[in-house]
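Input: a single structure, listed below in structure tokens.
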Amino acid sequence: MLPCTDLPVPRLGLKDIKYIVSTLTEMDLTETRSLSDIVFAKTRGNAQFVKLFLESLFMEKLLNYSPEIQKWRWDVEKVQAETNDASNMLIAAKIDRLSVDVQEVLKLASCLGFVFEVEHLRLIVIAEYENLTGKRNLPGEGGPAVRSPSEKDDYWKKHLAEEAEPVYLKVLLKLLHKAKKSGILAVGRRTGTFSFSHDRVFEAVYASLPTGFERQQLHVRIGRLLLDSFPNRDLVTFLAADQLNQGAAGVISPVDRLNLVRLNLSTARLAISKSAFDRAQDFIAGGMQLFTDELW
């Protein structure tokens with residue numbers, strides 16, 4: 001694995017943005033002053049949002065190149081009136097430009113967190129895509145059909161997982177790379193992982209999932225699927241316990257709640273054995289919150 005170095009990008013000042021806009025448009029600072037002022041006001045100097053905002057202006061045809069005068073043109077009043085300074089609006093517009101297939105895969109990826117493994121996502125897309133969208137065919141060109149509700153779990157485990165997963169990996173990777181090309185995802189530090197490009201991007205995608213009991217049940221199913229599929233992987237155990245805890249309010253049966261308490265206890269012990277004391281505290285707290293009068 002190649003060594004990586006974090007390069008923090010501080011907030012940009014008005015002077016920085018003036019230089020960026022002037023350089024991109026190949027126009028004098030005085031000519032681009034009005035646009036630079038708007039960009040700074042709308043983005044508050046966040047480098048990622050500066051990029052998104054300028055892309056948005058171009059896509060919405062608020063920033064146009066005029067071949068006649070060979071310069072970029074914009075209408076200050078239109079830019080002010082037709083754009084929003086909320087960064088989430090810029091991100092939402094960028095996400096909306098992606099195909100529906102890519103957006104739906106991103107929703108399931110967001111369940112796994114800011115950073116996720118393709119191996120885990122592939123399993124979850126195959127298992128949960130129909131529940132999330134009602135569609136039988138998996139997302140992406142050439143995506144195989146998923147099981148129908150009438151088909152038994154034994155068939156799913158023995159046949160579909162064996163046949164669909166290896167074939168579907170290439171299809172899924174194509175969808176993820178489309179999201180990367182659009183600036184929504186980035187390749188993770190660890191092999192086989194991706195991350196969302198910004199925490200605001202992650203939050204916007206996760207917010208688009210169903211809410212309430214439906215979201216809780218989704219996390220519970222994902223947690224159980226991960227435990228069943230990767231029973232001897234410590235990192236997956238942490239992830240699965242987190243998933244189940246996120247859906248804990250939807251775990252109704254006293255037996256299931258007690259089993260989740262036991263999972264939190266064993267996962268806390270595992271975390272302690274790895275000197276991950278903060279994580280151990282999280283799992284202990286998660287287990288304690290599950291106790292009701294029936295469990296005492």
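Hydrogens, waters and symmetry mates play no part in the numbers below; they use all other heavy atoms, side chains included. If you read the sequence from its start, that first residue is 1, and numbering goes on from there.
Counting heavy atoms from C-beta on, the side chains of Leu209 and Ser110 come closer than 4.5 Å. Taking 4.5 Å as the limit, some side-chain heavy atom of Phe194 sits within range of a side-chain heavy atom of Val187. By the 4.5 Å heavy-atom criterion applied to side chains, Lys78 and Leu57 are not counted as neighbours. Counting heavy atoms from C-beta outward, Gln70 and Tyr65 have side chains that approach closer than 4.5 Å. Within the 4.5 Å cutoff, the side chain of Leu244 has no heavy atoms near those of the Val251 side chain. Residues Gln246 and Arg215 form no side-chain contact, since every pair of their non-hydrogen atoms from C-beta on lies 4.5 Å or further apart. At least one side-chain heavy atom of Leu172 sits less than 4.5 Å from a side-chain heavy atom of Val105. Contact annotation: the side chain of Ser22 never approaches that of Met27 to less than 4.5 Å [non-hydrogen atoms, C-beta and beyond].
Remark: Leu98 pairs with Val102, Gln103, Leu106, Ser182, Ile184 by the side-chain contact (heavy atoms from CB on, under 4.5 Å) rule, at least two apart or across chains. Among residues two or more places apart in sequence or in another chain, the salt bridge (charged side-chain N to carboxylate O under 4.0 Å, His left out) test is passed with Arg233 by Glu119. Take Glu214 and apply the salt bridge (charged side-chain N to carboxylate O under 4.0 Å, His left out) test, not counting sequence neighbours, and it matches no residue. A search for side-chain contact (heavy atoms from CB on, under 4.5 Å) contacts involving Phe213 returns Gln216, Gln217, not counting sequence neighbours.
Between Lys18 and Thr32, the shortest heavy-atom distance links the atoms O-OG1, 4.4 Å. Taking each heavy atom of Arg257 and Ile252 in turn, the nearest pair found is CD-O, 3.9 Å. Contact record, Asp75 with Glu77: OD1-N, 3.0 Å, taken as the closest heavy-atom pair. Residues Ser197 and Gly183 share a closest heavy-atom pair of OG-O, 2.6 Å. Looking at every heavy atom in both residues, Val205 comes nearest to Phe196 through CG2-CE2, 4.0 Å. The shortest heavy-atom contact between Ala268 and Ile284 is CB-CG1, 3.7 Å.
The OG atom of Ser195 sits 8.0 Å away from atom CZ of Phe116, with the distance rounded to the nearest 0.5 Å. Distance check, rounded to the nearest 0.5 Å: CG of Leu63 to CG of Leu35 gives 6.0 Å. If you take CZ on Phe53 and CD1 on Ile38, they are separated by 7.0 Å, rounding to the nearest 0.5 Å. Distance check, rounded to the nearest 0.5 Å: NZ of Lys135 to OH of Tyr129 gives 4.0 Å. Here Leu225 contributes atom CG and Gln243 contributes atom CD; the two are 10.0 Å apart, rounded to the nearest 0.5 Å. Annotation: the span from Thr267 atom OG1 to Asp234 atom CG amounts to 9.5 Å, rounded to 0.5 Å.
Between Phe58 and Trp72, the angle of the ring planes goes over 60°, which puts this pair in the perpendicular group of the 30/60° scheme.
Cation-pi check for Arg269 over Phe283 is not met; the charged atom does not lie both under 6.0 angstrom from the ring centroid and within 45 degrees of its normal.
The backbone N or O of Leu226 lies less than 3.5 Å from no partner atom in the side chain of Ser229, so there is not a single donor-acceptor pair. Not one N or O on the side chain of Arg73 forms a donor-acceptor pair closer than 3.5 Å with the backbone of Asn64. Between the side chain of Asp256 and the main chain of Ser253, no donor-acceptor pair closer than 3.5 Å is present.
Between the side chains of Asp278 and Gln281, no donor-acceptor pair is found at a separation under 3.5 Å. There is a side-chain donor-acceptor pair under 3.5 Å between Trp74 and Ser34.
A chain of hydrophobic side-chain contacts below 4.5 Å, direct or via other Ile, Leu, Val, Met, Phe, Trp or Tyr residues, connects Leu121 to Val201. Criterion: ILVMFWY side-chain heavy atoms under 4.5 Å apart, direct or through other members. Under it, Leu24 and Leu62 are part of a common hydrophobic cluster. Clustering ILVMFWY residues whenever any of their side-chain heavy atoms sit less than 4.5 angstrom apart, transitively, puts Leu227 in the very cluster that holds Leu260. Under a hydrophobic clustering in which Ile, Leu, Val, Met, Phe, Trp and Tyr are joined whenever their side-chain heavy atoms come within less than 4.5 Å, directly or via other members, Leu29 and Val76 fall into different clusters. Using a 4.5 Å cut-off between side-chain heavy atoms of Ile, Leu, Val, Met, Phe, Trp and Tyr, with links allowed through other members, Leu176 and Leu132 fall into the same hydrophobic cluster.
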### Derivation of the side chain to side chain contact (heavy atoms under 4.5 Å, CB included) call for Arg136 and Glu130
CA-CA 6 Å; Arg136 291 207 60 202; Glu130 187 177 9; 3.8 Å; yes
### Task
Test side chain to side chain contact (heavy atoms under 4.5 Å, CB included) on Val125 and Tyr168 and set out the steps.
CA-CA 10 Å; Val125 170; Tyr168 189 60; 3.7 Å; yes
#### Entry: Working for side chain to side chain contact (heavy atoms under 4.5 Å, CB included), residues Lys180 and His177
CA-CA 5 Å; Lys180 175 181 174 292; His177 279 291; 4.0 Å; yes
### Task
Tell me, with the steps shown, if Leu138 and Val171 meet side chain to side chain contact (heavy atoms under 4.5 Å, CB included).
CA-CA 9 Å; Leu138 294 174; Val171 177; over 6 Å; no
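Electrostatic pairing of Glu117 and Arg190 counts as a salt bridge here, judged by a charged N lying under 4.0 Å from a carboxylate O. Residues Lys94 and Glu55 are paired through a salt bridge, judged by an N-O separation under 4.0 Å between the basic side chain and the carboxylate. Of the charged side-chain nitrogens involved, none lies within less than 4.0 Å of a carboxylate oxygen, so that Asp28 and Lys71 do not count as a salt-bridged pair.
More than 12 heavy atoms of other shown residues, nucleotides or ligands fall within 6.0 angstrom of atom CZ in Phe230. Heavy atoms from other residues, nucleotides or ligands lying under 6.0 Å from CD1 of Ile69 number more than 12. For CE of Met59, the number of neighbouring non-hydrogen atoms (other residues, nucleotides, ligands) closer than 6.0 Å is 12 at most.
Within the hydrophobic cluster formed by Ile, Leu, Val, Met, Phe, Trp and Tyr side chains joined at under 4.5 Å, directly or through other members, Ile272 is accompanied by Phe277.
Applying the side-chain contact (heavy atoms from CB on, under 4.5 Å) test between Arg262 and each of Leu265, Leu258, Asn264 identifies Leu258 as the sole match.
Screening residues 57-68 for salt bridge (charged side-chain N to carboxylate O under 4.0 Å, His left out), with sequence neighbours left out, gives no hits.
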